[in-house]
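Worth saying up front: this structure is predicted, and the values here are computed from it rather than measured.
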Amino acid sequence: MGLSAVLIPAALALLAAAAVLLLHGLRQKHTGKLFLAAGILACLLAGGAVMMEFITRPL
């Protein structure tokens, strides 16, 4: 519970930041913001995959 209590709010904050960057990038046609949003989402997906691997691994 301790690690999840820290990582889940941080992941949600990063997801919100990526959504804002994605919307601003699409509206302003700014490719830098689009790449940054894609990078944040890729890091979140990789982190989620690692967390799922440790959660589902039997002890």
Side-chain angles (χ1 to χ4, degrees):
M1 176 72 181
L3 189 60
S4 296
V6 173
L7 292 179
I8 290 175
L12 289 175
L14 279 174
L15 185 63
V20 168
L21 281 170
L22 185 66
L23 288 176
H24 282 284
L26 287 174
R27 286 184 183 167
Q28 298 173 355
K29 300 200 184 331
H30 194 271
T31 57
K33 289 182 181 180
L34 293 174
F35 282 125
L36 185 59
I40 291 172
L41 291 174
C43 287
L44 285 174
L45 285 173
V50 169
M51 283 298 292
M52 290 300 144
E53 177 65 31
F54 284 115
I55 288 172
T56 59
R57 183 173 292 199
L59 296 175

Qualifying side-chain hydrogen bond (donor to acceptor under 3.5 Å, both in side chains) pairs with a residue from residues 5-27, counting only residues at least two apart or across chains:
none
side-chain hydrogen bond (donor to acceptor under 3.5 Å, both in side chains) contacts in which one or both residues fall within residues 29-43, not counting sequence neighbours:
Gln28-Lys33
Any pair with a residue in residues 3-15 that passes salt bridge (Lys or Arg N to Asp or Glu O under 4.0 Å), sequence neighbours left out, goes on the list, sorted by first then second residue, please.
none
The salt bridge (charged side-chain N to carboxylate O under 4.0 Å, His left out) partners of Arg57 (sequence neighbours excluded) come to Glu53
Which pairs pass salt bridge (Lys or Arg N to Asp or Glu O under 4.0 Å) with one or both residues in residues 3-20, sequence neighbours excluded?
none
Leu44: which other cluster members, linking ILVMFWY side chains closer than 4.5 Å, directly or transitively?
Leu14, Leu15, Leu21, Leu36, Ile40, Leu41
Under the 4.5 Å side-chain heavy-atom rule for ILVMFWY, direct or indirect, which residues accompany Val50?
Phe54
With salt bridge (Lys or Arg N to Asp or Glu O under 4.0 Å) as the rule and sequence neighbours excluded, what pairs involving residues 8-24 come up?
none
Note: with side-chain heavy atoms under 4.5 Å as the link, the other cluster members for Ile8 come out as Leu12
Search all heavy atoms of Ala18 against all heavy atoms of Ala37 and return the closest pair with its distance.
O-CB, 3.6 Å
Residues that, via side-chain heavy atoms closer than 4.5 angstrom, fall in one hydrophobic cluster with Leu22:
Leu26, Leu34
